[in-house]
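Right, one structure below, let's go through it.
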Amino acid sequence: MSKPKEYSAMTKDKLMLYTLIALIAITVVSAILWYPVTPTNLMTGETSLNLGLTVILCALISVGVAVGIDALFYKLVSDSPLNLMSAAVFGLIVTLSYSLGLPSMNTEIGLPVVAPGAFIYVALISLVGMVLFKKLMGRKLVNPAAAAKMLVLLPLFNAVFIAVDHLKTGMLGVPALAGPIGAGILPVGGNGLASFSSYLQGCYANPALMSSPPDVTYLMIVEKFHGWVGGASSIAVIVAGIALFIVARRFIKWRITLAYFASIAIMSVLMSVAFADTDMTTRLLFEVFIGSSIFLGFFMATDPATTPITYTGQLIFGVGLGVLTVLIQTGMNFFGGSILALIIMNLTVSKLDQIGKLKPRTEKKEPKLPKAKQFPAEKVKEYQCMRCGACMRVCCHNLSPILIKQALDKQDFDTLAKLHADYCTGCGHCTFICPARLDLRKSVLTAKGMLRQE
Ligand code: SF4
Ligand code: SF4
């Protein structure tokens, strides 16, 4: 039997498993919360499937489609890796970023916010996301769940994203965010400053408690009954998200989440001042805790493959995402604007990767490493780089092992020289920490040898 190898305990599969557990916890909370609701279409009087069961079935469908396609590609395409855990995470994100709704919101004909329409759409989004954005796109440029949702629901843009029946000019008369909003209990549909909180009450409150005065703080933080499945309870997302960040802090880009919510809060206050709101907290609570912000901020904005690799890049990414989210929501009346903002920011990642790289140095500085764990050599499975950036943070010479490996694969000697591969002293920390189990040390030392020959 070959000698066991020592690595940090975290592997890509383990990271995916922890993420999956956090997502399952959120799904269960949403399903339990929504279980007492059976939507009725106010236009037709038809009832559909209980909302809690709809959540569970949507989750099973999206995960089933994603895992099935992953397995199919593995069988049919020679170099397609089998990544069932990652596929399951993707499938669940599709369901948790999908909007399901209360009866009173189901006014737009054909709006797929309840069963069975919702089943068809989550299946389609999972299919398009897996095939187009996860399998066929060599390097993932945009978040697959966000891009697939935008693409599949594009024909329903006015009904789903802008929701024209929600606007002041539409059936529901929702006050525009590009104007003063307040906290009173005036009837929805008037021009009064106070009607936005009434809208939030009508849209998100427990149908059994609809007549109570609005408690917007409770609604936005504890339980909403409309919108992104994953955002039904902000507090559940925060608890699951923070638990995941603590367990995998070296590998998850939590700085993006922090910068995102800080910039959303600041932008919201600025908008309140600009539009002379009578009550700043209503807008603030809405912008920070709307399902699309809270779920996306914790579980989509941190997708390692489509976000910057450096800390500075991550902070800029988070700020840009927050600013764009508020601008899109305010200017376009696009209440889930974070999804469009995410796709736009994903496209800036190659530029942001250039910002904040540590300066390579010849002198050695030992980093603090996580505890070592032994793995039997035959159980060490190599994956594709997941762009967590951990290898860059443990190099005692501040090198960027993953960038050196990529330049080596392309035989790009100019970049290898710029990245100072020749400073490597072969300590192996980069290989030790890599959750994808890439032999970075070997790549960097090969690059060093090539540079010497040059
Ligand atoms: S093996 Fe080389 S590149 Fe990797 S951490 Fe050590 S010095 Fe840095
Ligand atoms: S090569 Fe570096 S960035 Fe890629 S997965 Fe390994 S540690 Fe993370």
Side-chain angles (χ1 to χ4, degrees), residues 5-19 81 83 85-86 89 138-140 247-256 302-314 317 349-350 352-370 372-373 375 380-410 415-452:
K5 297 192 168 192
E6 274 201 346
Y7 292 100
S8 71
M10 191 61 79
T11 64
K12 189 176 175 186
D13 264 350
K14 226 182 222 180
L15 205 55
M16 287 296 128
L17 178 66
Y18 294 153
T19 310
N83 246 326
M85 201 69 82
S86 161
V89 165
R139 142 124 163 71
K140 281 194 271 166
V247 173
R249 59 195 169 282
R250 280 178 181 267
F251 306 92
I252 293 213
K253 298 172 179 173
W254 54 268
R255 286 166 184 79
I256 295 176
T302 53
D303 171 25
T306 53
T307 49
I309 210 160
T310 67
Y311 282 165
T312 314
Q314 288 163 24
F317 184 90
V349 166
S350 59
L352 295 181
D353 274 347
Q354 306 305 319
I355 306 171
K357 272 191 280 184
L358 296 174
K359 208 166 172 276
R361 59 182 176 210
T362 45
E363 63 283 11
K364 195 170 181 179
K365 197 169 170 214
E366 279 299 322
K368 197 168 177 293
L369 293 170
K373 195 177 163 195
F375 291 83
V380 177
K381 182 179 161 196
E382 194 177 303
Y383 307 82
Q384 269 181 325
C385 167
M386 55 181 292
R387 287 181 50 86
C388 66
C391 54
M392 296 162 73
R393 250 83 71 185
V394 293
C395 177
C396 22
H397 297 287
N398 278 355
L399 303 182
S400 302
I402 181 55
L403 301 184
I404 293 172
K405 182 185 178 329
Q406 284 167 354
L408 178 72
D409 292 346
K410 288 186 208 152
T415 306
L416 284 180
K418 277 187 206 146
L419 291 169
H420 288 288
D422 51 322
Y423 288 2
C424 174
T425 45
C427 67
H429 293 342
C430 48
T431 302
F432 169 81
I433 198 108
C434 178
R437 296 295 184 252
L438 297 172
D439 195 347
L440 296 160
R441 176 181 179 272
K442 189 172 162 199
S443 297
V444 182
L445 286 176
T446 307
K448 178 178 175 173
M450 284 174 135
L451 279 179
R452 290 224 163 135

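Counting convention: from 1, in listed order, for ligands and their atoms alike.
- Closest to atom 6 (Fe) of ligand 1 by heavy atom, among A421, C427, A447, is C427.
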Note to self: Please determine whether side chain to side chain contact (heavy atoms under 4.5 Å, CB included) holds for the pair S8 and L369, giving the CA-CA distance in whole Å, both sets of side-chain angles, and the decisive distance to 0.1 Å.
What the structure shows: CA-CA 8 Å; S8 71; L369 293 170; over 6 Å; no
Notebook entry, point to check: Does the pair D13 and Y383 meet the rule for a side chain to side chain donor-acceptor pair (under 3.5 Å), with working shown?
Noted result: CA-CA 9 Å; D13 264 350; Y383 307 82; 3.0 Å; yes
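- Remark: minimum distance from atom 2 (Fe) of ligand 1 to any protein heavy atom is reached at C424 SG, 2.3 Å.
- Residue C391 has at least one heavy-atom neighbour below 4.0 Å for each of these atoms of ligand 2: 1 (S), 2 (Fe), 3 (S), 7 (S).
- Each of the following atoms of ligand 2 lies closer than 4.0 Å to a heavy atom of L440: 1 (S).
- A donor-acceptor pair shorter than 3.5 Å cannot be found between the side chains of Y423 and N398.
- Atom 4 (Fe) of ligand 2 has as its closest protein heavy atom C385 SG, 2.3 Å.
- Test I404, T446, L445 against C424 for side chain to side chain contact (heavy atoms under 4.5 Å, CB included) and you get one pass: L445.
- Summary of contacts: the protein heavy atom closest to atom 1 (S) of ligand 1 is G428 N, 3.2 Å.
- Below 4.0 Å from some heavy atom of M386 lie the following atoms of ligand 2, by number and element: 4 (Fe), 5 (S).
- Close approach of ligand 2 to C434 is summarised as follows: ligand atoms under 4.0 Å from at least one heavy atom of the residue are 1 (S), 5 (S), 6 (Fe), 7 (S).
- Atoms of ligand 1 lying under 4.0 Å from any heavy atom of T425, numbered from 1 in the order shown and given with element: 7 (S).
- With contacts defined as side-chain heavy-atom distances shorter than 4.5 Å, the pair R437/Y7 qualifies.
- Of the residues listed (T307, T302, D303), the one engaging K253 in a side chain to side chain donor-acceptor pair (under 3.5 Å) is T307, and it is the only one.
- Between the side chains of H397 and T425, at least one donor-acceptor pair of N or O atoms lies under 3.5 Å.
- The closest protein non-hydrogen atom to atom 8 (Fe) of ligand 2 is C388 SG, 2.3 Å.
- Contacts between K405 and ligand 2, counted as non-hydrogen atom pairs separated by less than 4.0 Å, are absent for every part of the residue.
- Set against the non-hydrogen atoms of G389, the atoms of ligand 2 under 4.0 Å away are 3 (S), 8 (Fe).
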Check: Under the side chain to side chain contact (heavy atoms under 4.5 Å, CB included) criterion, do M10 and Y18 qualify, and how do the steps go?
Finding: CA-CA 10 Å; M10 191 61 79; Y18 294 153; 3.8 Å; yes
Next item on the list: Start with the C-alpha distance between I402 and I309, add both sets of side-chain angles, then the distance that settles side chain to side chain contact (heavy atoms under 4.5 Å, CB included), and finish with yes or no.
Entry: CA-CA 10 Å; I402 181 55; I309 210 160; 3.9 Å; yes
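- Interface atoms of ligand 1 facing H397, defined by a heavy-atom separation under 4.0 Å, are 7 (S).
- Under a 4.0 Å criterion applied to the non-hydrogen atoms of G426, ligand 1 contributes the atoms 1 (S), 2 (Fe).
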